S.K.: 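Would you mind keeping the following structure in view while I ask a few things?
Since the structure is predicted, the reported quantities are computational estimates derived from the model, not experimental observations.
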Amino acid sequence: VLHHRLYFHLCSFIAREGLDRDGIVRFLNRTLAARQGKVTEEVLDGALEMLLLEGVIREPLEPTAICRASAFLYLDPLDLVALKRNLRGRPKTPKAIAQALAMIPSLDYIEI
């Protein structure tokens, strides 16, 4: 779950704060997660690579529309990527639209 939270924070750092990798490292090194050894440069690089692969950010750490939406609307960037994919076929029925909205990664963590 930490990586998913990190994805959101990285979007905020990049889109809202305009931080580069060094600025992100400086900020993260002051956090409790870093002191607990949960956020290392290896973890950071893996998270940035995932955001690049999913098209959330571009090199050199430039925000895309998904990155900005995540940062400003407080939404998980991978949920937005999934939502974009789910809506690509332009579902027309209420059931299909509801399924597209419901099939996002964050819902995997909710127990019903």
Side-chain angles (χ1 to χ4, degrees):
V1 175
L2 174 65
H3 289 191
H4 285 280
R5 295 302 123 228
L6 188 56
Y7 299 146
F8 166 76
H9 290 294
L10 290 174
C11 286
S12 182
F13 297 154
I14 294 166
R16 295 177 64 121
E17 305 302 325
L19 294 181
D20 61 8
R21 187 186 179 287
D22 291 338
I24 293 170
V25 168
R26 279 193 303 276
F27 179 86
L28 290 176
N29 281 340
R30 297 189 317 256
T31 66
L32 177 61
R35 294 187 192 277
Q36 293 174 336
K38 294 180 179 179
V39 178
T40 62
E41 288 197 41
E42 183 178 311
V43 168
L44 172 62
D45 289 338
L48 289 172
E49 182 65 27
M50 173 64 94
L51 294 175
L52 280 166
L53 288 172
E54 293 293 343
V56 176
I57 59 174
R58 292 185 292 270
E59 286 288 358
L61 295 189
E62 294 291 327
T64 63
I66 288 177
C67 182
R68 284 188 292 278
S70 172
F72 289 100
L73 298 174
Y74 297 93
L75 298 171
D76 185 304
L78 297 186
D79 283 349
L80 293 175
V81 168
L83 188 57
K84 182 179 175 183
R85 283 187 191 131
N86 296 345
L87 294 172
R88 187 174 293 142
R90 297 184 184 207
K92 298 190 180 5
T93 67
K95 180 180 177 182
I97 293 169
Q99 287 174 328
L101 294 171
M103 294 172 36
I104 58 173
S106 290
L107 295 180
D108 291 343
Y109 302 111
I110 296 174
E111 293 184 28
I112 299 174

S.K.: If you group Ile, Leu, Val, Met, Phe, Trp and Tyr by side-chain heavy-atom gaps below 4.5 Å, do Ile57 and Phe72 land in one group?
M.R.: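 Hydrophobic grouping puts Ile57 apart from Phe72.
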S.K.: Using 0.5 Å steps for rounding, measure from the CG atom of Leu87 to the CD1 atom of Ile97.
M.R.: 8.0 Å
S.K.: Could you check whether any side-chain heavy atom of Leu53 comes within less than 4.5 Å of a side-chain heavy atom of Val81, counting everything from C-beta outward?
M.R.: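 Sidechains of Val81 and Leu53: no contact.
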S.K.: Which value, rounded to the nearest 0.5 Å, describes the distance between Ile104 atom CD1 and Leu80 atom CG?
M.R.: 8.5 Å
S.K.: Would you sort out whether Cys67 and Leu51 count as a side-chain contact (heavy atoms from CB on, under 4.5 Å), showing the intermediate values?
M.R.: CA-CA 9 Å; Cys67 182; Leu51 294 175; over 6 Å; no
S.K.: Report all side-chain donor-acceptor pairs from residues 24-35 shorter than 3.5 Å, counting only partners two or more places apart or in another chain.
M.R.:
residue: Asn29; atom: ND2; partner: Val25; partner atom: O; Å: 3.3
residue: Thr31; atom: OG1; partner: Leu28; partner atom: O; Å: 2.7
residue: Thr31; atom: OG1; partner: Ala34; partner atom: N; Å: 3.3

S.K.: Please tell me if the side chains of Val43 and Lys38 come closer than 4.5 Å, counting only heavy atoms from C-beta onward.
M.R.: no
S.K.: Can you confirm whether Glu42 is buried at CD, in the sense that more than 12 heavy atoms of other residues, nucleotides or ligands lie under 6.0 Å from that atom?
M.R.: no
S.K.: Does the Ser70 side chain pair with the main chain of Leu75, one donor and one acceptor, at a distance under 3.5 Å?
M.R.: yes
S.K.: If I take atom CG from residue Leu101 and atom CD from residue Gln99, how far apart are they, to the nearest 0.5 angstrom?
M.R.: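 With rounding to 0.5 Å, CG (Leu101) is 10.5 Å from CD (Gln99).
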S.K.: Out of curiosity, does Ile66 fall in the hydrophobic cluster containing Leu73 (side-chain heavy atoms, cut-off under 4.5 Å, transitive links)?
M.R.: yes
S.K.: Do side-chain atoms of Ser12 reach the backbone of Ala71 as a donor and acceptor pair under 3.5 angstrom?
M.R.: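 Such a contact is absent between Ser12 side chain and Ala71 backbone.
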S.K.: Give, for atom CD of Glu41 and atom CZ of Arg21, the distance between the pair rounded to the nearest 0.5 Å.
M.R.: 4.5 Å
S.K.: Look at the side chain of Asn86 and the backbone N and O of Met103, then say whether any donor-acceptor pair between them is shorter than 3.5 Å.
M.R.: yes
S.K.: Decide, yes or no, whether a salt bridge links Lys84 with Glu54 under the criterion of side-chain N to carboxylate O below 4.0 Å.
M.R.: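 No.
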S.K.: Mind checking the CG-CG spacing from Leu61 to Leu19? Nearest 0.5 Å is all I need.
M.R.: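 With rounding to 0.5 Å, CG (Leu61) is 9.5 Å from CG (Leu19).
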S.K.: Kindly indicate whether the side chain of Pro60, heavy atoms from C-beta on, has any atom under 4.5 Å from the side chain of Glu62.
M.R.: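 Yes. Closest side-chain heavy atoms under 4.5 Å.
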S.K.: Would you name the heavy atoms of Leu48 and Ile14 that are closest together and state the gap between them?
M.R.: CD2-CD1, 4.3 Å
S.K.: Could you tell me whether the side chain of Asp79 reaches within less than 4.5 Å of the side chain of Leu107, counting heavy atoms only?
M.R.: no
